[in-house]
Amino acid sequence: MTGVTRWTGREVLLLRTSLRMTGRDFAALVPVSQRQLATWEGRGESIRLRPGNQEALDTLLTRAGAAAQQRFATLLTERAAVEHDERAEELLRRDPRTIKHPVDGKVMVPVEEGIYLSGPANAPTWLNGFHIDVYPTTNLDYARFVRATAHRPPQHWPNGRCPDDLFDHPVVWVTWHDATAYARWCGKQLPTAQQWEKAARGTKGRVYPWGDHPTAAKCNVAEAEIGRTTPASRYQSGVSLYGVFDLCGNTWEWCSTKEQTGRYELKGSAFTSPFERAAPFLRNAANADMQDNDTSFRCVGLP
């Protein structure tokens with residue numbers, strides 16, 4: 001098992017719990033004083049450990065038995081799930097339009113029926129109403145699906161487990177078939193390209209989710225030089241009129257719209273793509289078996 005990206009007092013407590021050790025015995029292994037250990041655990045995420053302590057804890061985790069490592073990974077995922085649910089509950093309280101899906105727990109927002117301006121020519125197009133996930137499907141969401149169905153985990157998960165430092169990032173390395181399997185499991189669907197575009201542009205043909213001004217700083221695209229996915233809730237200034245996140249940049253998203261046999265539309269661009277490809281009316285497609293480090297999805301449901 002690899003080390004934790006950044007050890008805080010919270011992870012220290014979880015590791016000690018996983019090893020089933022007293023504070024005295026654990027402190028001796030690090031090694032630090034019992035008072036220092038109590039300070040770490042008491043301050044939780046507000047304290048960042050020194051590099052030497054980080055390395056010592058990485059070593060301790062690496063040398064722990066498989067059972068202890070499994071317990072540690074489980075505790076990390078459970079804690080991440082609690083924090084994820086707390087954020088979801090906050091969003092539900094803040095916006096009365098939102099609902100929480102009964103199967104995967106994702107927060108969804110309604111997009112009303114009616115005409116919207118579609119494509120580069122802003123053609124008037126009618127759509128029935130639907131709900132759409134506020135955030136793309138995260139690694140934590142996908143971990144629940146994998147646990148419930150024994151579906152194959154993505155290739156970037158160490159030992160088939162959701163990485164603790166990526167739980168709130170969009171899941172990647174998923175094919176169209178993987179995305180469709182997730183949607184079927186929770187009783188939803190992949191959005192059509194038109195549903196996805198309306199959720200991003202609103203009814204009046206915004207060029208970008210936030211408006212008409214090309215502002216690359218509002219999304220994770222190549223110009224940001226981050227070089228990887230970011231948490232799904234990071235770009236709050238880039239949300240759409242409906243309050244939907246990450247509809248430009250971060251990851252491409254699978255749609256249910258078939259372009260030709262075996263190929264399906266992708267929307268949104270990614271951290272690997274230049275900003276010029278981020279406009280939601282632009283089209284892209286890939287083979288249903290394609291998987292990459294910049295491709296994810298979200299789901300829709302009937303109102």
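Only heavy atoms go into these numbers, but all of them, side chains included; no hydrogens, no water, no symmetry mates.
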Participant: Looking at K106 and P136, would you say the former's side chain and the latter's main chain have a donor-acceptor pair under 3.5 Å?
Facilitator: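 Looks like yes, one N/O pair under 3.5 Å.
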
Participant: State, to 0.1 Å, how close R298 and W196 come at their nearest heavy-atom pair, and which atoms those are.
Facilitator: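 For R298 versus W196, the nearest heavy atoms are NE-NE1, 4.3 Å.
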
Participant: Taking all atoms of both residues into account, what is the closest heavy-atom pair of L247 and S240, and its distance?
Facilitator: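 Scanning both residues, the minimum pair turns out to be CD1-CB, 3.9 Å.
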
Participant: Is any NZ, NE, NH1 or NH2 atom of the basic residue among D104 and K188 found under 4.0 Å from an Asp or Glu carboxylate oxygen of the other?
Facilitator: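 Answer for the salt bridge query: yes.
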
Participant: Per the salt bridge (charged side-chain N to carboxylate O under 4.0 Å, His left out) rule, what does the pair list look like for residues 191-207, sequence neighbours excluded?
Facilitator: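 Of all non-adjacent pairs touching residues 191-207, those that pass salt bridge (charged side-chain N to carboxylate O under 4.0 Å, His left out) are E197-R201.
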
Participant: Side chain of W254, backbone of T180: donor and acceptor closer than 3.5 Å?
Facilitator: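 Checking the backbone N and O of T180 against the side chain of W254, no donor-acceptor pair under 3.5 Å is found.
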
Participant: Do L13 and L29 sit in the same hydrophobic cluster, where Ile, Leu, Val, Met, Phe, Trp and Tyr count as joined when their side-chain heavy atoms come under 4.5 Å apart?
Facilitator: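 The answer is no; the residues belong to distinct hydrophobic clusters.
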
Participant: If I take atom CZ from residue F167 and atom SG from residue C162, how far apart are they, to the nearest 0.5 angstrom?
Facilitator: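 Answer rounded to 0.5 Å: 8.5 Å.
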
Participant: Can you tell if the side chain of L117 reaches within under 4.5 Å of the side chain of T125, non-hydrogen atoms only?
Facilitator: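 The answer is no; the side chains never approach within 4.5 Å.
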
Participant: Which residue pairs satisfy the salt bridge (charged side-chain N to carboxylate O under 4.0 Å, His left out) criterion with at least one member in residues 232-244, sequence neighbours excluded?
Facilitator: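 Output for this query is empty, none listed.
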
Participant: Is it true that H156 and N139 share a donor-acceptor pair across their side chains at a distance under 3.5 Å?
Facilitator: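 Short answer, yes.
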
Participant: Can you measure from CG (L61) to CG (L15) and round to the nearest 0.5 angstrom?
Facilitator: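 Here the rounded value is 6.0 Å.
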
Participant: Within the structure provided, determine whether C248 and V221 are in side-chain contact (heavy-atom separation under 4.5 Å).
Facilitator: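 No - every pair of side-chain heavy atoms lies 4.5 Å or more apart.
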
Participant: Decide side-chain contact (heavy atoms from CB on, under 4.5 Å) for Y235 and N250; before the verdict, give the C-alpha distance in whole Å, the side-chain angles of both, and the deciding distance to 0.1 Å.
Facilitator: CA-CA 10 Å; Y235 288 93; N250 215 6; 5.9 Å; no

Participant: Does atom CD (Q260) have a neighbourhood of more than 12 heavy atoms from anything else shown, all under 6.0 Å?
Facilitator: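 Yes, the 6.0 Å shell around CD holds more than 12 heavy atoms from other groups.
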
Participant: Can you confirm if the aromatic rings of Y182 and F297 lie within a centre distance of less than 6.0 Å?
Facilitator: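 Yes, the ring of F297 comes within the 6.0 Å limit of the ring of Y182, centre to centre.
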
Participant: Kindly indicate, with the supporting measurements, whether the criterion side-chain contact (heavy atoms from CB on, under 4.5 Å) is fulfilled by Q36 and V30.
Facilitator: CA-CA 11 Å; Q36 181 67 66; V30 176; over 6 Å; no

Participant: Between S18 and R16 (side chain of the first, backbone of the second, donor and acceptor by atom type, cut-off under 3.5 Å), is there such a pair?
Facilitator: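 No; zero donor-acceptor contacts below 3.5 Å.
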
Participant: Does any pair with a residue in residues 148-157 pass salt bridge (charged side-chain N to carboxylate O under 4.0 Å, His left out), and if so which ones, sequence neighbours excluded?
Facilitator: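 Every pair satisfying salt bridge (charged side-chain N to carboxylate O under 4.0 Å, His left out) with a residue in residues 148-157: R152-D178.
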
Participant: Looking only at heavy atoms, what is the nearest atom pair of C186 and V103, with distance?
Facilitator: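 Smallest interatomic distance, heavy atoms only, reads CA-CG1, 3.6 Å.
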
Participant: Any chance the side chains of Y116 and Q195 put a donor and an acceptor closer than 3.5 Å?
Facilitator: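 No donor-acceptor contact under 3.5 Å links the two side chains.
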
Participant: In terms of side-chain geometry, is the basic nitrogen of E253 or K267 positioned less than 4.0 Å from the acidic oxygen of its partner?
Facilitator: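 Result for this pair is no, no salt bridge flagged.
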
Participant: Salt bridge check: are E265 and K258 linked by an N-O gap of less than 4.0 Å?
Facilitator: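 K258 and E265: not salt-bridged.
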
Participant: I'd like to know if W210 and V244 are part of one continuous hydrophobic network [Ile/Leu/Val/Met/Phe/Trp/Tyr, side-chain heavy atoms within less than 4.5 Å].
Facilitator: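 No, no single cluster joins them.
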
Participant: Are any side-chain N or O atoms of T192 and backbone N or O atoms of T257, one a donor and one an acceptor, separated by less than 3.5 Å?
Facilitator: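 Not a single qualifying donor-acceptor pair exists.
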
Participant: Using atom types as modelled and distance alone, determine if a side-chain donor or acceptor of N220 lies under 3.5 Å from a backbone N or O of R228.
Facilitator: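 Looks like yes, one N/O pair under 3.5 Å.
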
Participant: If we only count heavy atoms from C-beta on, is the S256 to Y264 side-chain gap below 4.5 Å?
Facilitator: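 Counting from C-beta outward, S256 and Y264 never come under 4.5 Å.
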
Participant: Through direct or indirect side-chain contacts below 4.5 angstrom among Ile, Leu, Val, Met, Phe, Trp and Tyr, which residues connect to V172?
Facilitator: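 Members besides V172, by chain and number: W173.
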
Participant: Using side-chain heavy atoms (C-beta onward) and a distance below 4.5 Å, is V107 in contact with H101?
Facilitator: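 Answer no - side chains too far apart.
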
Participant: Kindly give the heavy-atom pair with the smallest separation between S296 and V171, and that separation in Å.
Facilitator: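 For S296 versus V171, the nearest heavy atoms are OG-O, 2.7 Å.
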
Participant: Quick one: side-chain contact (heavy atoms from CB on, under 4.5 Å) partners of A217, sequence neighbours excluded?
Facilitator: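 side-chain contact (heavy atoms from CB on, under 4.5 Å) check on A217 returns T215.
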
Participant: Please list every donor-acceptor pair under 3.5 Å in which a side-chain atom of residues 270-281 meets a protein atom from a residue at least two apart or in another chain.
Facilitator:
{"unit_1": "T272", "atom_1": "OG1", "unit_2": "D294", "atom_2": "OD2", "d": "2.5"}
{"unit_1": "S273", "atom_1": "OG", "unit_2": "W252", "atom_2": "NE1", "d": "3.4"}

Participant: To the nearest 0.5 Å, what is the distance between OG on S233 and NE2 on H169?
Facilitator: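 S233 OG to H169 NE2: 9.0 Å, rounded to 0.5 Å.
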
Participant: So which heavy atom on A286 is nearest to which on L266, and how close?
Facilitator: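 Looks like CB-CD1, 3.6 Å.
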
Participant: Tell me whether W185 is reachable from V300 by hopping between hydrophobic residues (I, L, V, M, F, W, Y) whose side-chain heavy atoms are closer than 4.5 Å.
Facilitator: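 Per the 4.5 Å side-chain linkage, V300 and W185 are not co-clustered.
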
Participant: I'd like to know if V239 and V207 are part of one continuous hydrophobic network [Ile/Leu/Val/Met/Phe/Trp/Tyr, side-chain heavy atoms within less than 4.5 Å].
Facilitator: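 Looking at the clustering, V239 is in a separate group from V207.
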
Participant: Are any side-chain N or O atoms of T295 and backbone N or O atoms of Q291, one a donor and one an acceptor, separated by less than 3.5 Å?
Facilitator: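 Such a contact is absent between T295 side chain and Q291 backbone.
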
Participant: What are the two closest heavy atoms between P153 and V146, and how far apart are they?
Facilitator: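 Here P153 and V146 meet closest at CA-CG2, 4.3 Å.
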
Participant: In Å and rounded to the nearest 0.5 Å, what is the CD1 to CG distance from I115 to L127?
Facilitator: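 Nearest 0.5 Å value for the CD1-CG distance: 10.0 Å.
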
Participant: Going by atom types only, do H177 and D289 share a side-chain donor-acceptor pair under 3.5 Å?
Facilitator: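 A pair is found: one side chain offers a donor N or O, the other an acceptor, under 3.5 Å apart.
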
Participant: R263 versus W176: any side-chain heavy-atom pair under 4.5 Å?
Facilitator: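 R263 vs W176: side chains apart.
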
Participant: Does the side-chain contact (heavy atoms from CB on, under 4.5 Å) test come out yes or no for F130 and M108, once each step is laid out?
Facilitator: CA-CA 10 Å; F130 59 94; M108 305 184 78; over 6 Å; no

Participant: Shared ILVMFWY cluster between V111 and Y135, side chains joined below 4.5 angstrom?
Facilitator: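 Same cluster: V111 reaches Y135 through Ile, Leu, Val, Met, Phe, Trp or Tyr contacts under 4.5 Å.
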
Participant: Starting at CG of D141, measure out to CG of D168 and round the result to the nearest 0.5 Å.
Facilitator: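 Spacing of CG (D141) from CG (D168) equals 10.0 Å.
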
Participant: Atom CG in L166, atom OG1 in T230: separation rounded to 0.5 Å?
Facilitator: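 Here the rounded value is 11.0 Å.
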
Participant: Going through the distances and angles, do I99 and H131 end up as a side-chain contact (heavy atoms from CB on, under 4.5 Å)?
Facilitator: CA-CA 9 Å; I99 63 168; H131 280 84; 3.7 Å; yes

Participant: Is the centre of the F145 ring less than 6.0 Å from the centre of the H151 ring?
Facilitator: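 When the ring centroids of F145 and H151 are compared, they turn out to be within the sub-6.0 Å range.
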
